[in-house]
Engineer: 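Quick one: the structure is below, questions incoming.
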Amino acid sequence: MTAPTQLQRDGASTPTTPVGSWADDLWGRWTASPQARRRTEWILVGIITLVAVLVRFVRLDQPNGIVFDEIYYVPDGWTITNNGYESEWPENKEDLWATGGYDEYLDKAEYVVHPPLGKYLIGIFMHLFGAEHVWAWRFGVALFGAASVPLLYLVGKKLFRSIAMGAIPAAMLAIDGHAIAMSRTGILDIFVMFFVLLGFLFLLYDRDDQGRQLTSWVAAWRQREHANDPSVPLESTPVKWTSTIDPPATRPTGPDWGPVLWRRPWFLAMVVALALATSVKWSGLYYLAFYCVLTVALDAYNRKQAGITLWLSSATLKQGPVSFLLAVPLTIVIYLASYAGWFITGRGFNGIIDTGAWQGGNFFEWAKLSLSHFVDYQAQVYEFHSRLAAGHSYNSAPYEWPFLLRPTAFQYTYIDPAVDPSCHADQCVQAVTSLSNPLLYWLGTIAVVFLIMMMFVKPRWPYVAILVSYAAGYLPWLLTGRTSVYHFYVIVWLPFMFLAAALALQTLAGDAKDPRKQRTLAVNLIAGFFALAVLVSAFFYPVWTGLQIPDWYFNLTHWLPGWY
């Protein structure tokens with residue numbers, strides 16, 4: 001196929017400088033028809049998802065024992081799905097799990113500081129496949145981790161309206177070590193990431209649906225007004241922003257306030273997803289707050305574009321309270337529902353049966369006392385989180401997180417060849433660390449800074465959406481000033497870093513209409529970067545998945561002092 005050319009403006013057929021690159025030619029052939037485009041999309045998503053599944057599920061039972069905070073969430077997942085509440089264990093809990101004593105838990109309730117949903121999602125698969133299987137402890141986490149990859153593709157495709165721009169961040173998440181290690185460890189944060197990403201997708205759908213409803217309402221309003229007063233135009237004109245206090249020379253012809261939108265199915269879906277995230281960890285509540293505020297801002301923008309005169313007032317004073325009424329009660333109901341076992345049994349921590357408060361089956365007395373004890377329990381949890389300051393060798397202050405200075409090591413075990421003949425070196429190591437692919441992660445950090453700068457140059461909706469999502473995850477931790485926290489919390493907003501990275505790479509690549517030499521050079525550089533990133537992932541894969549490696553290899557994976 002010959003390279004595409006630009007034709008002279010006078011209509012002559014003489015070609016000028018060739019444009020595009022080999023990648024543009026290839027993509028043109030792959031998407032030449034709707035059928036070809038659909039086939040290409042399925043193949044791309046299929047390959048990326050297959051890679052994500054393989055690197056997360058193969059050898060899922062390794063390391064063959066409790067890793068890091070699995071000592072909390074795996075036993076809790078087992079007891080909450082047996083009893084309806086988390087039960088205490090003897091002091092030798094880890095030994096019991098190592099020797100198969102899965103039913104040696106005590107009758108007393110355990111004090112836990114995270115909501116139940118994530119532990120239910122861990123425990124369900126233990127019941128399905130058997131608690132004796134290590135891979136069963138991690139199956140639910142791996143499933144949600146792998147599902148996050150095609151979900152990120154859908155987000156990228158919707159946000160950028162491009163198959164390629166959906167595939168790029170999804171591929172990054174598929175091969176990133178932080179996402180891989182977290183998906184292979186029975187802890188909670190992958191669930192939060194999945195539900196937040198799902199909520200973001202629903203927000204994107206709600207934005208479009210909200211715009212359509214407003215446009216349709218204003219068009220119907222203009223039809224009615226024009227029938228009564230022909231001076232009212234049928235076409236809407238976006239309201240112009242002005243900072244002057246002087247009234248406009250002519251009164252706007254659009255509606256003053258616009259409608260109240262009660263029918264918001266995608267908004268409700270977003271609330272449900274983020275309420276589920278909050279029911280795993282309270283950090284999901286930050287996303288609910290940020291996204292609800294963002295939907296009000298989007299409503300204001302859509303009203304302004306539709307020609308509604310008081311677009312800001314109507315969005316904040318008219319639609320805002322309605323959105324509050326749609327979001328808050330639903331969130332509370334879902335959060336309380338996640339504690340159904342605690343309420344029904346009354347035997348969870350601070351439950352009413354422990355105080356002898358059951359009043360002969362009186363439902364209203366039971367509900368009153370249960371809610372009282374529940375609120376007191378939640379207050380204790382808040383107090384715990386607000387004062388948590390225990391030291392740990394892998395603590396990482398939030399200001400370090402963008403630079404990947406101190407990833408969390410989940411496990412490392414040194415193996416003597418005299419004890420284990422499978423070690424064919426002076427010493428071997430089996431390690432699991434939540435270290436991202438450094439090339440992809442640092443690109444994500446640079447890309448976030450790039451988007452912040454671009455907001456001052458040429459603001460765009462994708463920039464806003466990504467930066468708000470990044471801020472919802474990162475800013476609350478940064479503003480607390482706490483140091484007794486861990487880098488692995490970054491997993492929740494890692495997909496948004498990869499969305500930012502995709503935008504930065506798109507900017508570097510230029511446009512398919514660029515001169516061929518320029519475009520080809522840019523595309524080749526980016527293709528080379530991806531090839532190198534794949535090699536880096538292959539290099540670090542052993543320390544993400546607990547493969548036994550020689551000690552010298554293990555040392556090669558420590559590029560910075562904080563990685564030890």
Side-chain angles (χ1 to χ4, degrees), residues 49-106 110 112 114 116-149 174 177 179-194 280 341 409-413 415 420 422 429-434 488 491 541-549:
T49 303
L50 178 61
V51 170
V53 168
L54 291 176
V55 297
R56 285 159 175 77
F57 277 94
V58 172
R59 298 178 53 260
L60 187 57
D61 59 347
Q62 297 298 318
N64 189 26
I66 290 288
V67 171
F68 191 54
D69 281 354
E70 285 184 338
I71 189 58
Y72 305 114
Y73 304 123
V74 170
D76 283 351
W78 180 244
T79 59
I80 199 172
T81 46
N82 276 295
N83 298 334
Y85 62 93
E86 301 91 338
S87 301
E88 277 196 358
W89 291 77
E91 292 184 3
N92 62 334
K93 174 168 62 173
E94 192 165 355
D95 294 334
L96 289 173
W97 273 88
T99 57
Y102 311 118
D103 294 324
E104 299 298 322
Y105 50 84
L106 307 177
E110 184 177 10
V112 292
H114 292 301
L117 180 58
K119 288 163 279 188
Y120 276 115
L121 294 174
I122 290 173
I124 286 170
F125 292 97
M126 295 169 67
H127 279 276
L128 286 176
F129 303 124
E132 69 276 12
H133 301 299
V134 176
W135 56 268
W137 311 346
R138 302 165 184 160
F139 191 92
V141 179
L143 182 64
F144 276 75
S148 298
V149 171
I180 293 171
M182 295 291 289
S183 299
R184 296 173 59 91
T185 308
I187 56 179
L188 305 179
D189 300 78
I190 279 290
F191 299 129
V192 182
M193 181 193 79
F194 177 87
V280 177
F410 290 169
Q411 175 186 340
Y412 56 89
T413 304
I415 300 167
D420 188 346
S422 64
V429 179
Q430 186 182 44
V432 177
T433 181
S434 65
F488 72 84
I491 188 64
Y541 185 74
V543 298
W544 297 335
T545 61
L547 275 171
Q548 186 181 119
I549 55 175

Engineer: Show the numbers, then the answer: is there a side chain to side chain contact (heavy atoms under 4.5 Å, CB included) between V141 and F191?
Structural biologist: CA-CA 7 Å; V141 179; F191 299 129; 3.8 Å; yes
Engineer: Does the pair D189 and M182 meet the rule for a side chain to side chain contact (heavy atoms under 4.5 Å, CB included), with working shown?
Structural biologist: CA-CA 8 Å; D189 300 78; M182 295 291 289; 3.5 Å; yes
Engineer: Between V543 and I549, is the side chain to side chain contact (heavy atoms under 4.5 Å, CB included) condition met? List the steps.
Structural biologist: CA-CA 8 Å; V543 298; I549 55 175; 3.8 Å; yes
Engineer: Answer yes or no: is there a side-chain heavy-atom contact under 4.5 Å between R138 and T185?
Structural biologist: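 A side-chain contact under 4.5 Å is absent here.
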Engineer: Which heavy-atom pair separates S148 from F194 by the least distance, and what is that distance?
Structural biologist: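 Of all heavy-atom pairs spanning S148 and F194, the closest is OG-CD1, 3.5 Å.
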Engineer: So, taking the atom named CG in D76 and the one named OH in Y85, what distance separates them when rounded to the nearest 0.5 Å?
Structural biologist: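 So the gap between those two atoms works out to 12.5 Å.
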Engineer: Counting only heavy atoms not in F57, do more than 12 fall under 6.0 Å of its CZ?
Structural biologist: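 More than 12 within 6.0 Å, yes.
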Engineer: Return yes if some donor-acceptor pair links the side-chain N/O of Q411 with the main-chain N/O of V432 below 3.5 Å, else return no.
Structural biologist: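 Checked: no pair found.
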Engineer: May I ask you to test the T81-M126 pair for a side-chain heavy-atom distance under 4.5 Å?
Structural biologist: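 Contact flag for T81/M126 side chains = no.
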Engineer: Specify whether F410 and F68 have parallel, tilted or perpendicular ring planes, treating 30° as the upper limit for parallel and 60° as the lower limit for perpendicular.
Structural biologist: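 The arrangement is parallel - the two ring planes meet at less than 30°.
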Engineer: Would one find more than 12 heavy atoms of other residues, nucleotides or ligands at under 6.0 Å from atom CD of E132?
Structural biologist: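 Atom CD in E132 is packed in, count exceeds 12.
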Engineer: Ignoring hydrogens and geometry, is there a side-chain-to-backbone donor-acceptor pair from R184 to V58 under 3.5 Å?
Structural biologist: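 Yes: the side chain of R184 pairs with the backbone of V58.
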Engineer: Where do Y102 and A131 come nearest, in terms of heavy atoms and distance?
Structural biologist: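 Smallest heavy-atom distance, with atoms named: CZ-O, 3.5 Å.
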Engineer: Taking all non-hydrogen atoms of both residues into account, name the closest pair between S434 and F488 and its distance.
Structural biologist: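 Between these two residues, the closest heavy atoms are OG-CB, 3.8 Å.
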Engineer: Start with the C-alpha gap between W89 and W78, add the side-chain angles, then the distance that decides, and say whether ring-ring contact (aromatic ring centres under 6.0 Å, His included) holds.
Structural biologist: CA-CA 12 Å; W89 291 77; W78 180 244; 8.8 Å; no
Engineer: Between atom CG of L60 and atom OG of S183, what is the distance when rounded to the nearest 0.5 Å?
Structural biologist: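 Taking CG in L60 and OG in S183, the distance rounds to 9.5 Å.
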Engineer: Got a donor-acceptor contact below 3.5 angstrom from the E88 side chain to the L106 backbone?
Structural biologist: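 Not at all, since once roles are kept as given, no pair shorter than 3.5 Å links the two residues.
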Engineer: Are E104 and K93 close enough for a salt bridge, meaning some N to O gap below 4.0 Å?
Structural biologist: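 So E104 does not pair with K93 through a salt bridge.
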Engineer: Between atom CG of L121 and atom CG of L117, what is the distance when rounded to the nearest 0.5 Å?
Structural biologist: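 L121 atom CG to L117 atom CG measures 4.5 Å (nearest 0.5 Å).
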Engineer: In Å and rounded to the nearest 0.5 Å, what is the OH to CD distance from Y105 to E110?
Structural biologist: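 Those atoms lie 13.0 Å apart.
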Engineer: Search all heavy atoms of D420 against all heavy atoms of S422 and return the closest pair with its distance.
Structural biologist: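 For D420 versus S422, the nearest heavy atoms are OD1-OG, 2.6 Å.
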Engineer: Test V429 against T413 for side chain to side chain contact (heavy atoms under 4.5 Å, CB included), laying out the working first.
Structural biologist: CA-CA 6 Å; V429 179; T413 304; over 6 Å; no
Engineer: Determine yes or no for a side-chain-to-main-chain donor-acceptor pair under 3.5 angstrom, with K119 supplying the side chain and I187 the backbone.
Structural biologist: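 No; zero donor-acceptor contacts below 3.5 Å.
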Engineer: Got a second to check how far L54's CG is from R59's CZ, nearest 0.5 Å?
Structural biologist: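 Rounded to the nearest 0.5 Å, the CG-CZ separation comes out at 13.0 Å.
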Engineer: Scan side-chain atoms only and decide if S87 and N83 contain a donor-acceptor pair under the 3.5 Å cut-off.
Structural biologist: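 Looking only at side-chain atoms, N83 and S87 do form a donor-acceptor pair, the distance falling under 3.5 Å.
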Engineer: Rounded to the nearest 0.5 Å, what's the gap from CD1 on I122 to CG on L188? Could you check?
Structural biologist: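 It is 5.5 Å, given to the nearest 0.5 Å.
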Engineer: Identify the two heavy atoms, one from A146 and one from V53, that lie closest to each other, and give their separation to 0.1 Å.
Structural biologist: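 Heavy-atom minimum between the residues: CB-CG2, 4.0 Å.
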Engineer: Side chains of Q548 and Q62: does their closest heavy-atom pair fall under 4.5 Å?
Structural biologist: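 A side-chain contact is absent here, since even the closest heavy-atom pair is not under 4.5 Å.
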Engineer: Parallel, tilted or perpendicular for F139 and W135, by the 30°/60° rule?
Structural biologist: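 Geometry flag for W135 against F139: perpendicular rings.
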Engineer: With a 4.5 Å limit on heavy-atom distance, are the side chains of N82 and H127 in contact?
Structural biologist: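 They are in contact (side-chain heavy atoms under 4.5 Å apart), so the answer is yes.
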Engineer: Just so I know, are the side chains of I66 and W137 near enough to count as touching, which here means a heavy-atom distance under 4.5 Å?
Structural biologist: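 Answer yes - side chains close enough.
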Engineer: Would the number of heavy atoms belonging to other residues, nucleotides or ligands and lying under 6.0 Å from OH of Y72 be above 12?
Structural biologist: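 12 or below, so no.
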Engineer: For A52, does its backbone N or O pair with a side-chain atom of R56 as donor and acceptor, under 3.5 Å?
Structural biologist: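 Present.
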